[in-house]
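Everything below concerns the one structure shown next.
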Amino acid sequence: MQNINNLLEKYNNFVGDVLDNIEKTSETSYILTISVQDDDGEEVNQVKLDFTDVQDSKILVNSVLSYMDMMSGITLIKENNLYGFAVGRGSAMLHVHNAPLYIVSSNIKIIKD
């Protein structure tokens with residue numbers, strides 16, 4: 001979880017950045033791509049997160065991802081041996097399950113940082 005916390009700190013919880021893509025790689029795994037933006041809205045980096053052994057999710061179609069309000073950033077937490085990802089700021093799995101887009105999985109890996 002320390003590498004996740006370091007990633008969130010490095011990119012300020014992805015506040016104001018853009019969700020680019022969510023790719024379903026199997027029945028229980030997704031790769032999520034986030035574009036890190038500079039102050040002018042130009043992409044300066046991409047971060048890819050690989051969620052495996054997904055237990056629950058609410059995924060939107062890729063064509064609407066760029067319209068998601070990312071001004072509160074994202075939540076990435078670990079609770080009861082599960083990782084929760086959600087759009088918006090939160091500190092508990094309850095927030096994750098109430099978010100407009102979320103993924104709950106047993107494993108998460110940072111592919112590209």
Side-chain angles (χ1 to χ4, degrees):
M1 190 63 199
Q2 185 60 40
N3 59 344
I4 300 289
N5 291 332
N6 291 342
L7 181 75
L8 293 173
E9 185 177 327
K10 178 179 180 178
Y11 292 111
N12 188 31
N13 286 74
F14 298 96
V15 170
D17 294 325
V18 177
L19 290 176
D20 273 344
N21 186 44
I22 300 176
E23 176 186 354
K24 187 173 188 172
T25 55
S26 76
E27 285 302 312
T28 61
S29 60
Y30 292 95
I31 294 177
L32 178 113
T33 305
I34 303 172
S35 286
V36 178
Q37 310 285 306
D38 65 12
D39 291 339
D40 296 323
E42 298 294 322
E43 181 180 316
V44 294
N45 199 4
Q46 276 193 337
V47 174
K48 293 188 178 210
L49 303 172
D50 186 10
F51 297 89
T52 55
D53 194 18
V54 172
Q55 307 293 311
D56 192 13
S57 64
K58 185 192 301 183
I59 304 296
L60 303 175
V61 295
N62 284 328
S63 61
V64 302
L65 294 179
S66 64
Y67 298 106
M68 295 292 300
D69 181 1
M70 293 285 288
M71 294 317 293
S72 295
I74 66 167
T75 297
L76 264 172
I77 61 167
K78 185 174 185 183
E79 191 174 293
N80 297 323
N81 292 322
L82 292 173
Y83 292 94
F85 163 85
V87 171
R89 192 68 183 240
S91 60
M93 201 60 82
L94 178 62
H95 163 76
V96 170
H97 286 283
N98 288 308
L101 183 150
Y102 68 84
I103 300 172
V104 177
S105 68
S106 295
N107 300 298
I108 184 173
K109 182 171 85 172
I110 301 167
I111 296 176
K112 182 178 176 188
D113 166 16

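For this chain, numbers begin at 1 and follow the sequence in order.
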query: Take atom CG in D39; do more than 12 heavy atoms of anything else shown fall under 6.0 Å from it?
result: no
query: For atom NZ of K24, is the number of surrounding heavy atoms from other residues, nucleotides or ligands below 6.0 Å larger than 12?
result: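 Atom NZ in K24 is crowded, with more than 12 foreign heavy atoms closer than 6.0 Å.
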Path from [X] to [Y] over hydrophobic side-chain contacts below 4.5 Å:
X	Y	result
L82	I110	no
L76	V47	yes
V15	L19	no
L8	I77	no

Could you tell me whether a side-chain N or O of [X] sits under 3.5 Å from a main-chain N or O of [Y], the two making a donor and an acceptor?
X	Y	result
D17	G73	no
D53	S105	no
D69	M71	yes

query: Checking side-chain contact (heavy atoms from CB on, under 4.5 Å) for the pair D56/Y102: CA distance, chi angles, key distance, verdict?
result: CA-CA 8 Å; D56 192 13; Y102 68 84; 3.2 Å; yes
field: CA sep, side-chain torsions, deciding dist, call: F85, L32, side-chain contact (heavy atoms from CB on, under 4.5 Å)
entry: CA-CA 10 Å; F85 163 85; L32 178 113; 3.8 Å; yes
For the student: nearest non-hydrogen atoms of [X] and [Y], plus distance:
X	Y	result
S29	V54	CA-CG2, 4.1 Å
I22	N62	N-OD1, 2.8 Å
G90	T75	N-OG1, 2.8 Å
L60	M68	CD1-SD, 3.4 Å
I34	F14	CG2-CD2, 3.6 Å
E79	A92	OE1-CA, 3.7 Å

query: Can you list the steps and then say if H97 with V104 is a side-chain contact (heavy atoms from CB on, under 4.5 Å)?
result: CA-CA 9 Å; H97 286 283; V104 177; 3.9 Å; yes
field: Donor on one side chain, acceptor on other, N6 and Q2, under 3.5 Å
entry: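 Yes, side-chain donor-acceptor contact under 3.5 Å.
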task: Step by step, work out the side-chain contact (heavy atoms from CB on, under 4.5 Å) result for I103 and I108.
output: CA-CA 10 Å; I103 300 172; I108 184 173; over 6 Å; no
